[in-house]
Colleague: 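What follows is a structure written as structure tokens; I'll ask about it next.
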Amino acid sequence: MNRKKIVAGNWKMNTNLNEAVDLINTLKTTTKQFSAIEKIVFPPFTFLKTVTDSLQNETSFFAGAQNCSEYVKGAYTGEVSAEMLSSVKCKFVLVGHSERRTYFKETDEQLVLKIQQAFKNNLQVIFCFGEVLEERKSEKHFDTVKKQLENVLKNFSEKDIDKIYLAYEPVWAIGTGETATPQQAQEMHAYVRKVIGEIFSNKAAENISILYGGSCNAQNAKELFACADVDGGLIGGASLKADDFCKIIASF
Ligand code: 13P
């Protein structure tokens, strides 16, 4: 098995310019020794160019955007296109984060268009999905995740899937301090791999990187990353503290 190990930090709507500069400078230095692990940070749009400039000589540390528009360009006030992101050397974009699905009512149809825009502009995608608490309690979590994956990924080819990392983020674990247990994470990640095998092929399933997100921190990362089908983490709160983010990277 030859999958990449990845630790990504979603800064969400946090930091100002000075804090973003401090954070990226510190992370660049403290994570130098972990060259075998791919590091990605997702700063707010306004600081993306500053961060990509800062990372321009890095070979295993990249920046991504937290969202992109499903439209190409034009009269869409407040939106940021995939082409704009590409022009500031952004390499990744998050699509389908539960906060975008819930607060901004993003639909599967929009997510497909966003991924198409990302690919047209040479951006790699981290596609996020995960069940809410009621779905887990009523044991519908596998069905929910299967639908989220099928509804969007069926619109893409096996070749496209090379440019996607998946992020399983159970909504009940995001920002709550309640993490999925390693057993729950492993069980779902193995299931996700099976679904990818059904949509595409066993080879695609074996090769795709699946990150876990939801209250992953310096204390619990080691156990989660030790799971056979967990290839890394998508970290929210703990990615804002350089020390913690570094400890998470060191957990592999
Ligand atoms: P927390 O790590 O703060 O729970 O956030 C997870 C997340 O939403 C990452 O995208």
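For ligands, and for the atoms within them, numbers begin at 1 and follow the listed sequence. Positions are given from 1 along the sequence. Reckoned from all heavy atoms, side chains included, excluding hydrogens, waters and symmetry mates.
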Colleague: Determine, using ring centers only, whether Tyr165 and Phe92 are less than 6.0 Å apart.
Modeller: yes
Colleague: Within the 4.0 Å heavy-atom shell around Leu234, which atoms of ligand 1 are there?
Modeller: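 Answer, ordered by atom number: 9 (C), 10 (O).
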Colleague: Consider ligand 1: state whether an atom of it lies below 4.0 angstrom from any non-hydrogen atom of Ala173.
Modeller: yes
Colleague: So is Gly175 polar-close to ligand 1, meaning N/O to N/O under 3.5 Å?
Modeller: yes
Colleague: Side chains of Asn217 and Asn220 only: does a donor on one sit below 3.5 Å from an acceptor on the other?
Modeller: yes
Colleague: Is the shortest N/O to N/O distance between Asn10 and ligand 1 below 3.5 Å?
Modeller: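 Yes - when backbone and side-chain N and O of Asn10 are compared with those of ligand 1, one distance drops under 3.5 Å.
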Colleague: In terms of side-chain heavy atoms, does Lys114 have a donor or acceptor partner in Asn67 at a distance below 3.5 Å?
Modeller: yes
Colleague: Hey, is Glu131 close enough to Arg136 for a salt bridge, meaning N to O under 4.0 Å?
Modeller: yes
Colleague: Where on Ala238 is there a heavy atom closer than 4.0 Å to ligand 1, on the side chain, on the backbone, on both, or on neither?
Modeller: neither
Colleague: Is the closest heavy atom of Gly213 to ligand 1 under 4.0 Å?
Modeller: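 It does not, in that no heavy atom of Gly213 comes within the 4.0 Å cut-off of ligand 1.
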Colleague: Can you name the atoms of ligand 1, numbered from 1 with element, that are less than 4.0 Å from a heavy atom of Gly237?
Modeller: 1 (P), 2 (O), 3 (O)
Colleague: Could you find the nearest protein heavy atom to atom 9 (C) of ligand 1 and give me its residue, atom name and distance?
Modeller: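 Minimum-distance protein heavy atom for atom 9 (C) of ligand 1 reads Glu169 OE2, 2.8 Å.
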Colleague: Under a 4.0 angstrom heavy-atom cut-off, which atoms of ligand 1 come close to Lys12?
Modeller: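 Contacts of ligand 1 toward Lys12, numbered from 1: 5 (O), 6 (C), 7 (C), 8 (O).
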Colleague: Less than 4.0 Å between a side-chain N and a carboxylate O, is that true for Asp160 and Lys163?
Modeller: yes
Colleague: Is Asp108 salt-bridged to Arg101, going by a charged N under 4.0 Å from an acidic O?
Modeller: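 Yes.
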Colleague: For the rings on Phe156 and Phe119, is their centre-to-centre separation under 6.0 Å?
Modeller: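 Between Phe119 and Phe156, which both carry aromatic rings, the centre distance is below 6.0 Å.
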Colleague: Relative to the heavy atoms of Gly214, which atoms of ligand 1 are at a distance of less than 4.0 Å?
Modeller: 4 (O), 6 (C)
Colleague: Does Gly236 reach ligand 1 with a nitrogen or oxygen that is under 3.5 Å from one of the ligand's nitrogen or oxygen atoms?
Modeller: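 N/O-N/O distance under 3.5 Å: yes.
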Colleague: Could you check if a side-chain atom of Cys128 sits within less than 4.5 angstrom of a side-chain atom of Leu94, using non-hydrogen atoms only?
Modeller: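 Sidechains of Leu94 and Cys128: in contact.
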Colleague: Does an N or O anywhere in Ile174 fall below 3.5 Å from an N or O of ligand 1?
Modeller: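 No, since none of the N or O atoms of Ile174 sits under 3.5 Å from an N or O of ligand 1.
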